[in-house]
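Beneath this line is the structure, given in structure tokens, with notes to follow.
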2 protein chains.
Amino acid sequence: MLEPERHQIILEALKVKNSVKLQELVELTNSSESTIRRDLIQLEQGKFLKRVHGGAARLQGKLQEPSMTEKSSKNLQPKRQIAQYAGSLVEEGDCIYMDAGSTIFEMIPFLPENIVVVTNGLTHVNELLEKNIKTFLIGGYAKPSTKALIGRGALDSLEHYRFDKCFMGVNGIHSQFGYTTPDPEEAMVKELAISLSREAYVVSDESKFSEIAFAKIADLHSAAIITNELDPDTLEQYHSKTKIKVVTS
Amino acid sequence: MLEPERHQIILEALKVKNSVKLQELVELTNSSESTIRRDLIQLEQGKFLKRVHGGAARLQGKLQEPSMTEKSSKNLQPKRQIAQYAGSLVEEGDCIYMDAGSTIFEMIPFLPENIVVVTNGLTHVNELLEKNIKTFLIGGYAKPSTKALIGRGALDSLEHYRFDKCFMGVNGIHSQFGYTTPDPEEAMVKELAISLSREAYVVSDESKFSEIAFAKIADLHSAAIITNELDPDTLEQYHSKTKIKVVTS
DNA sequence: TTCAAAATCATTCTTTTTCATTCAAAAAAC
DNA sequence: GTTTTTTGAATGAAAAAGAATGATTTTGAA
């Protein structure tokens, strides 16, 4: 059986149920366990499903949403919880900057329609336009790995704008070294965007805390932090230096 | 069995299932494995299907119009012929501007790798990056319908660049009114890009000749034209006003 | 909770299938 | 009749699939 055919079968199976056992797929396709495992790895990488112990599960970000039911569901992934809160901060009529990156991307479903978005994230544009949101891209070098626009062109473009709010992804949050990211070119863009905004928000899950990446973006106090769970000690440590919102389930 | 006939059979088979085994095709056509492989290579190049290990798969991007299936895929569709020629004009080391739009998009497979591309076409970026081409995007408003970047931001961004060559799509080519396009905002971007280039090319099939759209981009002489078939009278008419290359099969 | 059995997983290795390339024969074009 | 194009066969190379191993996770009973 051909690979595309198997993939088809697997995805079809996931349309019916929320999850399938690996063993079921083995029988459905008359292939070996190994082969199905390899397929699942591929499909997971392509973001078509999520592997779980014993098989695969439909991923909820994808495709249709019973959107309202999902929103109200208490089991949003942490990332989406944060994104939902961040999105709720945006008001009708706002002009906001959205940084590139998957965390910020997750905000899009939770944005109001009547806003203007400026972004350096190529991947965001389609989603934003789908939602009928007026979207501007800054210029710059298209970084192959992250599809972010950076460099001189990005900085030049940014200077023509001012924002009500900006939402940033970072790689490190540290009480002493502030916000950091691996690429200095990206750091410059982020820094500038923050300085052009009335209110700046760093959106991050707890894994970035106490991490330090190569290039500094800005000091802690220059942006508020939106995150999910955080142990009380760590929270206290940052709370004195900047505003920090912990989104709980 | 004739070549077009086999191609027909292969494509028909793909209309039923979305993948076929090579072995099935061998039996269906009473041809050798080698022959089918060669057919698949041709059909893949013509973008009629995707080869996969073990056979071929329908490409899900678009359903191809039946008229195309008739033609031998060795003869590229007109659009691709033009695109191929335009691509061949680009030399290693060049820095070029690529306009948004599907005609220009088709050039990408025919570009050399060692170049720098600046574009206002959001849809181009992924393909360009796939080919490891250094890509810059200009900024601007993301027009929902065409995914082109236009407006003030686009113009500002452009001014920082100079190009060896630029490749433009247009909606109208007229011996008196020159090059035109429906959207004045887009027209401004195109005009500026042309003026920033040492050599400018308008890439267009014959359907745009003698058409006039709302907004003027530039006079005929400001860019050379690359097109496919054109009747001798029309050709003569334009030939006196600008350079024009007719790409023949 | 803790432990051990069962199930599932990642990894590696082997076998099988498919692929690209080359070359010679057949067919078609000139 | 010669040249060009198309086809089929043979080769080693590459990829995919299957099978086996030990590690990891889950499960359920103590």
Side-chain angles (χ1 to χ4, degrees), chain A residues 1-14 16-59 75 77-78 207, chain B residues 1-14 16-60 69-77 80-81 84 109 113 130-132 248-249:
Chain A
M1 175 170 298
L2 250 38
E3 180 177 290
E5 202 174 337
R6 282 197 316 269
H7 286 193
Q8 189 75 18
I9 291 175
I10 293 173
L11 293 175
E12 286 298 327
L14 273 177
V16 185
K17 307 194 288 176
N18 277 357
S19 62
V20 276
K21 291 215 194 93
L22 186 126
Q23 207 46 46
E24 297 178 45
L25 296 173
V26 167
E27 287 166 24
L28 266 170
T29 60
N30 291 317
S31 313
S32 71
E33 212 172 275
S34 307
T35 300
I36 298 296
R37 284 187 203 289
R38 277 186 277 253
D39 285 340
L40 292 184
I41 290 171
Q42 278 184 265
L43 289 169
E44 182 176 46
Q45 285 173 346
K47 300 240 159 89
F48 293 104
L49 51 76
K50 190 178 67 171
R51 294 185 75 193
V52 295
H53 198 91
R58 197 194 306 180
L59 40 86
N75 283 343
Q77 302 295 349
S207 69
Chain B
M1 179 174 295
L2 274 56
E3 179 183 286
E5 200 175 341
R6 281 200 315 273
H7 286 193
Q8 195 68 29
I9 291 175
I10 294 172
L11 292 172
E12 285 300 325
L14 273 176
V16 185
K17 309 194 288 174
N18 36 4
S19 63
V20 276
K21 288 214 252 288
L22 186 127
Q23 208 46 47
E24 296 178 44
L25 295 173
V26 167
E27 288 166 24
L28 266 169
T29 61
N30 292 316
S31 315
S32 73
E33 211 173 275
S34 308
T35 300
I36 299 296
R37 283 187 204 290
R38 277 185 279 253
D39 287 340
L40 293 185
I41 290 171
Q42 288 182 353
L43 289 168
E44 183 177 47
Q45 285 173 347
K47 301 243 163 136
F48 295 101
L49 50 77
K50 188 178 72 169
R51 294 185 74 194
V52 296
H53 200 92
R58 197 195 304 175
L59 36 87
Q60 57 198 65
T69 59
E70 307 277 349
K71 300 185 178 176
S72 162
S73 56
K74 256 187 307 184
N75 298 335
L76 298 170
Q77 298 126 269
R80 305 200 75 211
Q81 286 178 352
Q84 178 165 32
E113 277 200 21
E130 290 273 325
K131 278 207 64 165
N132 284 322
T248 55
S249 312

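Chain naming here is simple, since letters A, B, ... match the order of the sequence lines and numbering starts at 1 in each.
With rounding to whole Å, B/L25 atom CG is found 15 Å from D/dT7 atom P. The nearest whole Å value for the distance from the CD1 atom in A/I36 to the P atom in D/dG18 is 9 Å. The NZ-P distance, from A/K50 to C/dC9, rounds to 14 Å in whole Å. Residue A/E3 contributes atom CD, which lies 12 Å from atom P of D/dG18 at whole-angstrom precision.
With hydrogens and angles disregarded, no donor-acceptor distance shorter than 3.5 Å links the side chain of B/R6 to the backbone of B/D39. Side-chain atoms of B/R51 never come within 3.5 Å of backbone atoms of B/A56 as a donor-acceptor pair (strictly under, hydrogens ignored).
For A/E33, the salt bridge (Lys or Arg N to Asp or Glu O under 4.0 Å) partners are A/R37, not counting sequence neighbours. Shown here are the side-chain contact (heavy atoms from CB on, under 4.5 Å) partners of A/K21, two or more places apart in sequence or in another chain: A/E24. Qualifying side-chain contact (heavy atoms from CB on, under 4.5 Å) partners for A/S19, counting only residues two or more places apart in sequence or in other chains: A/A57. Shown here are the side-chain contact (heavy atoms from CB on, under 4.5 Å) partners of B/S32, two or more places apart in sequence or in another chain: B/S34, B/T35. Residues meeting the side-chain contact (heavy atoms from CB on, under 4.5 Å) test with A/I9, sequence neighbours left out: A/M1, A/L28, A/T29.
Between A/T35 and D/dG18, a side-chain N or O to OP1/OP2 separation shorter than 4.0 Å is present. For B/S32, a side-chain nitrogen or oxygen approaches OP1 or OP2 of D/dG8 to under 4.0 Å.
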**Complete:** The contact string for nucleotides 12-25 of chain C, one letter per nucleotide 5' to 3', using protein heavy atoms under 4.0 Å with B, S and - for base, sugar-phosphate only and none, comes out as ------SBS-----
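In DNA chain D, consecutive stretches of 3 or more Watson-Crick or G-U wobble pairs with both distances under 3.5 Å are given as paired ranges: C:1-30 with D:1-30.
Here B/K17 contributes atom NZ and A/L2 contributes atom CG; the two are 8.0 Å apart, rounded to the nearest 0.5 Å.
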